[in-house]
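All remarks here apply to the structure that follows.
Atoms within a ligand are numbered from 1 in the order they appear, just like the ligands themselves.
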Amino acid sequence: MAVTPTLETDVLRRQDPELAEILLAELTRQSTTLQLIAAENFASPAVLAALGSPLANKYAEGYPGARHHGGCELADVAERVAVDRATALFGAAHANVQSHSGSSAVLAAYAALLRPGDTVLALGLPYGGHLTHGSPANFSGRWFDFVGYGVDAETGLIDHDQVRHLARDHRPKAIVCGSIAYPRHIDYAFFHEVADEVGAYLIVAAGHPIGLVAGGVAPSPVPYADVVCATTHKVLRGPRGGMILCGSELAERIDRSVFPFTQGGAQMNSIAAKAVAFGEAATPAFGAYARQVVANARVLAGHLAAEGFGVVTGGTDTHLIVVDPAPLGVDGRSARGRLAAAGIVLDCCALPHGEGRGLRLGTAAVTTQGMGETEMVLIAALLAGVLRGDHDPAGVRAEVRELTGRFPPYPG
Ligand SMILES: Cc1ncc(COP(=O)(O)O)c(C=O)c1O
């Protein structure tokens, strides 16, 4: 792997061959199968180098200039660089880059704005809401009173009339918009208007589209939201982690809700890696990448429709596609298993108003590998071939190996 210099791989191999073998096998798995999980990407060697740097050793509770530990001079510089790059990239007054994950960013946002028992309006889980949008298995469902809005049964698009009615009926303390399976742009101006009308905070859960926002190919929630929560992996292509953007009036509340309310020491190696990713995302090359991600998703969605899949919302504006494989005679859950056997890795997801499970795909990782529209046409054909039973899995596995061999995620 380019990021792990041979020397370090050799060190690991010598010291702990068992783990070295697992890590190298994972690299082989990622490089020789098709990564279509919409939440995944290939972070750059520079991002991975920052993750594996000595900042991983540093304890740094608190914020730059106000730490509870000594020796934070350079950690402070790294965090200030990350914050400055994030605020510049997204045009936000304030950024907190310490959240360990997307879920902990949402937890901190709720902690800053809500009290247990408050009512929150969010996209219902069957329609693509995340666990943090009121799942009974998650802190959100246990501590807050969630009301779910849905999508139109015909179009699959967010039902704006329902959002407005539910907001007027329930007078939520916060409205959450954002999804793990919504392939279209979200109308943040609409949500802002409704939140304003009922006196609710607007929290945008932008983990999926935030990389497209950085690349200039999706609308920004920043001008409309009180708080934007996001992940730094996915299309944004940084390390696994979270971040929060907000205006200066909420900055102190958000910071205190991250540390000390919901987290202890910041993961400084991860913050440095976030800084590297924000730097990469500010380049023209990343804009070109984001455009290609969407172009690829559109072609893939179109060809999946032509192959007979039911495409939720009829297509996509983003990196994400949701399809119903039922017309090909298979449910999402068994489709995922059959595709995995052929080296095609993707997720099942709920189908709004549908029977059974759907499939969720994304083009972030394959686009990082350099694949374009031609390869999307081939991928659609491979998926359909496997599920229809026209192609035997071993034959498709060989085609996937050939395809990924032409587009290695970490060349050299
Ligand atoms: C909207 C949204 N919220 C929260 C999360 C959770 O992120 P994590 O898995 O890092 O906790 C995600 C990740 O898929 C997301 O898309």
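Ring planes of Tyr110 and Phe144: perpendicular class, angle over 60° (limits at 30 and 60°). The aromatic rings of His133 and His130 sit perpendicular, their planes meeting at an angle over 60°, well past the 30° parallel limit.
Listed by number with element, the atoms of ligand 1 under 4.0 Å from a non-hydrogen atom of Lys234 are 12 (C), 13 (C), 14 (O), 15 (C), 16 (O). Near Ala205, the atoms of ligand 1 lying under 4.0 angstrom from a non-hydrogen atom of the residue are 1 (C). In summary, the atoms of ligand 1 found under 4.0 Å from a heavy atom of His208, numbered by their order in the structure, are 16 (O). Heavy-atom proximity to Ser101, at under 4.0 Å, picks out these atoms of ligand 1: 10 (O), 11 (O). Short contacts between ligand 1 and Ile180, defined as distances under 4.0 Å to a heavy atom of the residue, involve ligand atoms 14 (O), 15 (C), 16 (O). Interface of Ser103 with ligand 1, defined as ligand atoms under 4.0 Å from a residue heavy atom, comprises 6 (C), 7 (O), 8 (P), 11 (O). Atoms of ligand 1 found under 4.0 Å from any heavy atom of Thr231, numbered from 1 in the order shown, are 7 (O), 10 (O). Each of the atoms 10 (O) of ligand 1 lies under 4.0 Å from some heavy atom of His233.
The side chain to side chain contact (heavy atoms under 4.5 Å, CB included) test with Lys234 is passed by exactly one of Arg240, His208, Glu40: His208.
Between Arg298 and Asp317, at least one side-chain N (NZ, or NE/NH1/NH2) sits under 4.0 Å from a carboxylate O, which counts as a salt bridge. The existence of a salt bridge linking Arg164 and Glu193 is confirmed by a sub-4.0 Å separation between a basic side-chain nitrogen and an acidic carboxylate oxygen.
Enclosure of atom CZ in Arg115 is not indicated, since only 12 or fewer non-hydrogen atoms of other residues, nucleotides or ligands lie within 6.0 angstrom.
Here the CD-CG distance, from Glu21 to Asp16, works out to 10.5 Å after rounding to the nearest 0.5 Å.
Here the two rings, on Tyr289 and Phe286, have centers that are under 6.0 Å apart.
Any N or O atom pair closer than 3.5 Å counts here, and Gly102 shares at least one such pair with ligand 1.
The proximity of Ala39 to ligand 1, defined as any non-hydrogen pair under 4.0 Å, does not occur for either the backbone or the side chain.
For atom 5 (C) of ligand 1, the closest heavy atom belonging to the protein is His130 NE2, 3.3 Å. Atom 9 (O) of ligand 1 has as its closest protein heavy atom Arg240 NH2, 4.1 Å.
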